*Asks:* 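Shown below is the structure under consideration.
What you are looking at is a predicted structure, and each value in this text was computed from that prediction instead of being measured. Residue numbers start from 1 in every chain, and the chains themselves are labelled A, B, ... in the order their sequence lines are given, proteins ahead of strands.
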Amino acid sequence: MNTIPGKIFHIITEDNISLVKVKAGDIIFTSIVLDTPGTSPYLSNGNSVSVNFKETEVIIAKTWPLEISVQNRVQCVIKNITHGKILCQVDLVAGEFNIQSVITNNACQQLNLNAGDKVVALIKTNEVSLSYND
Amino acid sequence: MIKFKAHKKLSSSTGPSQLDVAFELEQGKLLTIYGSSGAGKTTILRIIAGLTRAESGYVEANNEAWFNSAKNINLPAAKRSVGLVFQDFALFPNLTIRENLEFALQKGDDKKLLDELLELMELQQLQHMKPGILSGGQKQRVALARAIVRKPAILLLDEPLSALDDAMRYKLQDMIIKVHRNYKLTTILVSHHLPEIYRLSDEVICLEKGLIQKQGKPSVVFTEQKISGKFKVTGEIIEIIPADIVFIVSVLCANEIIKVVATASEVKELRTGQKVMVASKAFNPVIIKLGDS
């Protein structure tokens with residue numbers, strides 16, 4: 001699981017759903033959760049949380065995708081690629097943070113991904129969960 | 001029901017402190033006391049067993065007062081129905097396994113349980129041997145059987161498995177679970193080992209410098225980090241197998257096996273037998289109707 005520490009800076013709540021924006025360094029993450037500030041006190045501006053998402057949910061794009069519904073777009077540099085037979089693990093660096101992505105080898109070849117490439121990591125809003133300490 | 005309340009001065013390497021603890025434990029439950037050394041864990045067991053006297057408080061087991069400072073009651077250790085197992089096995093070296101168990105019985109006690117326990121603890125083949133030739137795990141099984149043979153009102157286990165290797169530890173945990181359920185024992189365990197605490201305990205008390213810091217189910221007490229995911233289950237890892245560059249972790253949750261893909265770095269911190277939480281977001285699972293409802 002990718003875990004990135006940040007601070008909540010924006011919350012929109014409707015019924016039992018909240019859209020939460022978290023700032024981690026220069027990166028802004030958006031998460032959608034079934035919690036509200038009323039039921040879950042961790043949802044408060046300025047609170048420290050971790051943004052979590054699974055490696056297999058990180059999409060990689062080579063160019064900045066202008067028209068796409070995915071909200072979390074992180075500019076990264078590929079540090080390393082580990083190839084298996086079917087899958088590969090792409091280690092990415094985004095500023096002070098490391099992000100891992102697991103994609104298929106086919107996808108990696110089609111995009112001709114190599115260490116040192118500048119790419120964009122894409123994560124859907126509903127794949128991002130938040131964790132917090134008491 | 002066990003009712004316990006005690007106040008006593010503690011002296012440890014970190015300096016003097018006060019034990020000030022009260023709790024109740026329902027019959028048939030297993031409570032673990034967790035905490036650093038000098039916190040007063042063993043002192044609690046000793047007060048229950050009658051080996052140490054509290055300055056004030058009470059110990060009550062199934063409505064029988066064993067100790068009550070206000071009423072000046074203090075039953076001697078031998079009159080308290082307690083089974084004790086420590087890290088060192090304290091078996092009689094000159095008696096056979098069977099004789100060690102028989103020694104714990106009193107005149108008129110039923111020997112049926114003794115044979116049952118020898119079978120349950122897989123000691124039948126060894127019963128006529130002396131403890132000297134047994135392995136650590138076997139000796140601890142004998143010590144456990146001996147502690148249970150009189151069906152004590154409370155079974156007290158003071159780090160009974162900490163000298164054993166992981167495989168033996170796991171097996172002994174199984175045995176403890178088995179006897180605890182079979183004989184509906186009420187058990188208090190002192191342990192440092194988190195996976196063990198998760199496996200065995202209904203409830204945990206975290207003790208620090210003589211005071212209860214936290215109390216509750218292990219999953220609540222030890223899960224500091226909260227995650228917003230709404231699809232959460234806890235279970236035990238039963239298998240970790242490699243799959244290309246990732247791993248498939250099988251987790252037994254209730255009676256279902258869940259499979260989770262994990263990366264190599266995640267798997268480094270996981271092992272078979274470990275209690276884990278599997279979490280996902282409420283957005284991911286799909287719902288499929290079963291039958292014609």
*Asks:* Tell me whether the count of non-hydrogen atoms from other residues, nucleotides or ligands lying under 6.0 Å of CG in Asn284(B) goes above 12.
*Replies:* yes
*Asks:* Does any heavy atom of chain B fall under 4.5 Å from the side chain of Leu43(A), the backbone, both, or neither of them?
*Replies:* neither
*Asks:* State whether the number of non-hydrogen atoms from other residues, nucleotides or ligands found under 6.0 Å of Lys23(A) atom NZ is greater than 12.
*Replies:*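 It does: Lys23(A) NZ has more than 12 such atoms within range.
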*Asks:* Take atom CD in Glu203(B); do more than 12 heavy atoms of anything else shown fall under 6.0 Å from it?
*Replies:*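 More than 12 heavy atoms, drawn from other residues, nucleotides or ligands, come within 6.0 Å of this atom.
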*Asks:* Hey, which of Lys54(A), Met1(A), Glu55(A) is the one that makes side-chain contact (heavy atoms from CB on, under 4.5 Å) with Thr263(B)?
*Replies:*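 Exactly one option meets the side-chain contact (heavy atoms from CB on, under 4.5 Å) with Thr263(B), and it is Glu55(A).
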*Asks:* If I measure from the heavy atoms of chain B, does Glu127(A) come under 4.5 Å with its side chain, its backbone, both, or neither?
*Replies:* both
*Asks:* Would you check, one step at a time, whether the test side-chain contact (heavy atoms from CB on, under 4.5 Å) holds for Leu34(A) with Lys281(B)?
*Replies:* CA-CA 9 Å; Leu34(A) 298 191; Lys281(B) 299 201 63 172; over 6 Å; no
*Asks:* A quick test of your reading: do over 12 heavy atoms of other residues, nucleotides or ligands sit less than 6.0 Å from CZ of Arg271(B)?
*Replies:*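 Correct, the count exceeds 12.
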*Asks:* Would you say Glu26(B) has more than 12 foreign heavy atoms packed within less than 6.0 Å of its CD?
*Replies:* no
*Asks:* Could you report the tightest heavy-atom contact between Thr82(A) and Ile245(B), atom names first, then the distance?
*Replies:*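 Shortest heavy-atom separation between Thr82(A) and Ile245(B) comes out as O-CD1, 3.9 Å.
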*Asks:* Yes or no on side-chain contact (heavy atoms from CB on, under 4.5 Å) for Thr125(A) and Phe283(B), after CA distance, side-chain angles and deciding distance?
*Replies:* CA-CA 10 Å; Thr125(A) 305; Phe283(B) 294 88; over 6 Å; no
*Asks:* Measure distances from Val128(A) to the heavy atoms of chain B and classify the residue's part below 4.5 Å as side chain, backbone, both or neither.
*Replies:*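 Only the backbone of Val128(A) comes within 4.5 Å of chain B.
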*Asks:* Write down the atom of Val102(A), the atom of Val246(B), and the distance for their closest heavy-atom approach.
*Replies:* CG1-CG1, 4.2 Å
*Asks:* Heavy-atom pairs under 4.5 Å with chain B are the metric here; pick the option from Thr56(A), Val49(A), Asp35(A) that has the most.
*Replies:*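 Of the options given, most contacts go to Asp35(A).
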*Asks:* Counting only heavy atoms not in Lys62(A), do more than 12 sit closer than 6.0 Å to its NZ atom?
*Replies:*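 Yes.
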*Asks:* Please determine whether the number of non-hydrogen atoms from other residues, nucleotides or ligands lying under 6.0 Å from atom CG of Asn80(A) exceeds 12.
*Replies:* yes
*Asks:* So Gln89(A) and Ser265(B), do their side chains get closer than 4.5 Å, heavy atoms only?
*Replies:*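 Answer no - side chains too far apart.
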*Asks:* Hey, what do you get for NZ (Lys232(B)) to OG (Ser129(A)), rounding to the nearest 0.5 Å?
*Replies:* 9.5 Å
*Asks:* Distance-only, no hydrogens or angles: does the Lys85(A) side chain make a donor-acceptor pair with backbone N or O of Asp244(B) under 3.5 Å?
*Replies:*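 No.
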*Asks:* For Gln215(B), does the CD atom sit with more than 12 other heavy atoms under 6.0 Å from it, leaving out its own atoms?
*Replies:* yes
